[in-house]
Trainee: 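My questions all concern the structure below.
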Amino acid sequence: MAGGGFATSAGGGEFEAKITPIVIISCIMAATGGLMFGYDVGVSGGVTSMPPFLKKFFPAVYKKTVLEKEINSNYCKYDNQGLQLFTSSLYLAGLTSTFFASYTTRTLGRRLTMLIAGIFFIAGVIFNAAAQNLAMLIVGRILLGCGVGFANQAVPVFLSEIAPSRIRGALNILFQLNVTIGILFANLVNYGTNKIEGGWGWRLSLGLAGIPALLLTVGALLVVDTPNSLIERGRLDEGKAVLKKIRGTDNVEPEFLELVEASRVAKEVKHPFRNLLKRRNRPQLVISIALQIFQQFTGINAIMFYAPVLFNTLGFKNDASLYSAVITGAVNVLSTIVSIYTVDKLGRRMLLLEAGVQMFFSQLIIAILLGIKVTDHSSDLSKGYAIFVVIMVCTFVSAFAWSWGPLGWLIPSETFPLETRSAGQSVTVCVNLLFTFVIAQAFLSMLCHFKFGIFLFFSSWVLVMSAFVFFLVPETKNIPIEEMTERVWKQHWFWKKFIEDDYDNVDYPKKNKSNGYDSQFIISYIQESSVSFFFVKSLFKNFVYGRNNMDSFAAYRRL
């Protein structure tokens, strides 16, 4: 059911935009890319704690965890580079594929890029479910990683572009919500398949990833591409028709003209990655990279990848460790729903800062508790302490799920201008997957060497990232994407000097004898400084009627 309303533009106008069924359905279908990503995150930790899976592919780990009664340290029984490679290879492949995904997102559109992701996912599921050896298993994970790279590139951009600005945050978080649902679904599947007699339950766990893979593929076939993407590729009439359809009104001319102008400016950029390094794009680039690094150094993926392994390390029995992982997965989903309802009301900064406090103290308490109760050779935690550890882990997970989880993707997707959006999203995904790979590959070894100190390591990073948010991350709620420069970056106490200094270097038009200003300089000035369509229109009128343009330029410089 469509809801009426307006999306306010920065220039004082209002873009009429109803919340139409086609927008909601398109966003739900697109966000299934997150469902696949989440399932891949959750399933790996579950199957790597199943004895039949370890016996077939990682006999050295099977020997330490099942056959040997005496081990050097409880914290080290899963320390195996091959086992970590099984998990991390997905993210290394995703890191590489995101560069190709940037090209397809820009030239083929967001919709076709999501379709390519779905095909990669399906191929990866087939290889993993039918794996007969470690090489086949790794190939399957690499194919899944390619799907992750393409999906994570296209889906957040698709969601940001198709949603009205006033609910952009909520709809964009559908991606992260589906990630959490995928993790929960994987944990439930692992809990069930672990009880299957015959030792083939891990195949079912890996094979059921085909469900979200098919949903994403079918969804990509059914959704419309975004008006931004269609206009960017020169399909103006189709872009305008889609804009009318998704906004639920024929009065889309102001928004359409702004998208056309943004596209015109974007086409002037021949090398988007090189342009990304320009001074005026420094704020978006620095914040996007920092958010991705910090997101991984909260420690969340270490917990979500290896939750069953972690709980098993702490002395939980196999079923109990999988059950505890299900509980944390459920908390993850519910907390992400909280973010959907609060992100466009409380704002991005408030959620990030509150979560920093909550994550810091929960990890500190876990570290103290494990330092006292879990030694190298302790057999298990008492029931009361075990429950308290799960509660603290859930407290940490809930804070992440309504803050750094969704906002780590939302903020970069809504801050880059159109001319660098695909390149910016590509860098965002690449950095995220690079540090996801690092954490996935290193966590079990870090757990072995740091022991309970691993939680102190991550909690210290939480302090650093909270300070970064407090001083350097501006509020972006309810601001149209194309107006971020004027309303966010030029108003920020630190970042404004990067924007203003860069634009101050542009030469202003020079006079000539005919109409007061040289037309070639004016065209150059317009292109360089990204002047709006309406300003161009004003200049054109003045030239046609022989008026002097001094007033127009004076008015522009006062903006």
Side-chain angles (χ1 to χ4, degrees), residues 32-48 53 57 81-105 113-131 133-156 175-176 178-179 182-183 186 202 205-217 220 292 295-296 300-302 304-306 408-409 425-444:
T32 54
L35 190 68
M36 186 69 218
F37 184 28
Y39 190 89
D40 287 331
V41 169
V43 77
S44 59
V47 296
T48 52
F53 178 83
F57 297 107
Q81 289 299 310
L83 184 64
Q84 291 174 119
L85 182 63
F86 165 71
T87 299
S88 64
S89 58
L90 182 147
Y91 306 100
L92 188 61
L95 186 158
T96 305
S97 65
T98 188
F99 292 105
F100 298 97
S102 174
Y103 175 78
T104 62
T105 302
T113 302
M114 290 189 291
L115 181 61
I116 294 170
I119 293 170
F120 272 122
F121 280 139
I122 291 172
V125 168
I126 292 171
F127 268 84
N128 271 354
N133 51 54
L134 183 59
M136 197 171 176
L137 196 68
I138 298 297
V139 168
R141 292 290 286 180
I142 289 172
L143 288 171
L144 290 174
C146 291
V148 167
F150 277 81
N152 286 14
Q153 169 74 20
V155 172
F175 177 76
Q176 181 64 22
N178 274 276
V179 172
I183 293 171
W202 62 268
S205 287
L206 297 176
L208 286 177
I211 294 175
L214 285 172
L215 286 175
L216 177 62
T217 306
Q292 302 315 306
Q295 187 190 68
Q296 297 313 306
I300 186 64
N301 276 342
M304 301 316 293
F305 292 156
Y306 299 114
W409 294 108
Q425 184 67 13
S426 180
V427 170
T428 298
V429 174
C430 177
V431 173
N432 183 281
L433 293 174
L434 172 63
F435 282 88
T436 303
F437 166 77
V438 169
I439 294 296
Q441 186 64 31
F443 176 70
L444 294 179

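Heavy-atom basis, side chains included; hydrogens, waters and symmetry copies ignored. We count residues from 1, following the sequence as given.
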Trainee: I'd like to check L208 versus Y39 (side-chain heavy atoms, cut-off strictly below 4.5 Å). Are they in contact?
Mentor: yes
Trainee: Could you tell me whether a side-chain N or O of T113 sits under 3.5 Å from a main-chain N or O of T105, the two making a donor and an acceptor?
Mentor: yes
Trainee: How far apart are the closest heavy atoms of S97 and G145, and which atoms are they?
Mentor: OG-O, 3.8 Å
Trainee: If you measure only the distance, is there a donor-acceptor pair under 3.5 Å linking the side chains of T436 and Q296?
Mentor: yes
Trainee: Closest heavy-atom contact between S205 and V47?
Mentor: CB-CG1, 3.8 Å
Trainee: Using every non-hydrogen atom in the two residues, find where F99 and C430 come nearest and quote the distance to one decimal.
Mentor: CZ-SG, 3.6 Å
Trainee: Check whether any side-chain heavy atom of I183 sits under 4.5 Å from a side-chain heavy atom of F37, and report yes or no.
Mentor: no
Trainee: Determine the minimum heavy-atom distance between L95 and L433, stating which atoms define it.
Mentor: N-CD1, 3.3 Å
Trainee: Given side chains that start at C-beta, do those of W409 and Q295 come closer than 4.5 Å, heavy atoms only?
Mentor: yes
Trainee: Is it true that a side-chain atom of Q292 and a backbone atom of N432 form a donor plus acceptor pair closer than 3.5 Å?
Mentor: no
Trainee: Nearest 0.5 Å please: distance from the CD1 atom of I142 over to the OG atom of S89.
Mentor: 6.0 Å
Trainee: Minimum heavy-atom separation for A117 to A151, with atom names?
Mentor: CB-N, 3.6 Å
Trainee: Roughly how far apart are L115 CG and T217 OG1, rounded to 0.5 Å?
Mentor: 6.5 Å
Trainee: Centres of the F86 and F53 rings: under 6.0 Å?
Mentor: yes
Trainee: Taking the side chain as C-beta and beyond, is there a heavy-atom pair between D40 and F121 under 4.5 Å?
Mentor: yes
Trainee: Can you give me the closest heavy-atom contact between T98 and S426, atom names plus distance?
Mentor: O-OG, 3.3 Å
Trainee: How long is the straight-line distance from CG of L143 back to CD1 of I138, given to the nearest 0.5 Å?
Mentor: 11.5 Å
Trainee: Could you state the interatomic distance from CD1 (I211) to CG (L216), rounded to the nearest 0.5 Å?
Mentor: 14.0 Å
Trainee: Taking C-beta and beyond as the side chain, do V125 and M36 meet within less than 4.5 Å on heavy atoms?
Mentor: yes
Trainee: Looking at Q153 and V429, would you say the former's side chain and the latter's main chain have a donor-acceptor pair under 3.5 Å?
Mentor: no
Trainee: Considering only heavy atoms from C-beta outward, does the side chain of V179 approach that of V41 to under 4.5 Å?
Mentor: no
Trainee: Can you tell me how far the CZ atom of R141 sits from the OG1 atom of T87, to the nearest 0.5 Å?
Mentor: 5.5 Å
Trainee: Nearest 0.5 Å, please: how far is CG in L35 from CG in L215?
Mentor: 6.5 Å
Trainee: Is any side-chain heavy atom of F150 closer than 4.5 Å to a side-chain heavy atom of F100?
Mentor: yes
Trainee: Any donor-acceptor pair under 3.5 Å linking the side chain of T96 with the backbone of L92?
Mentor: yes
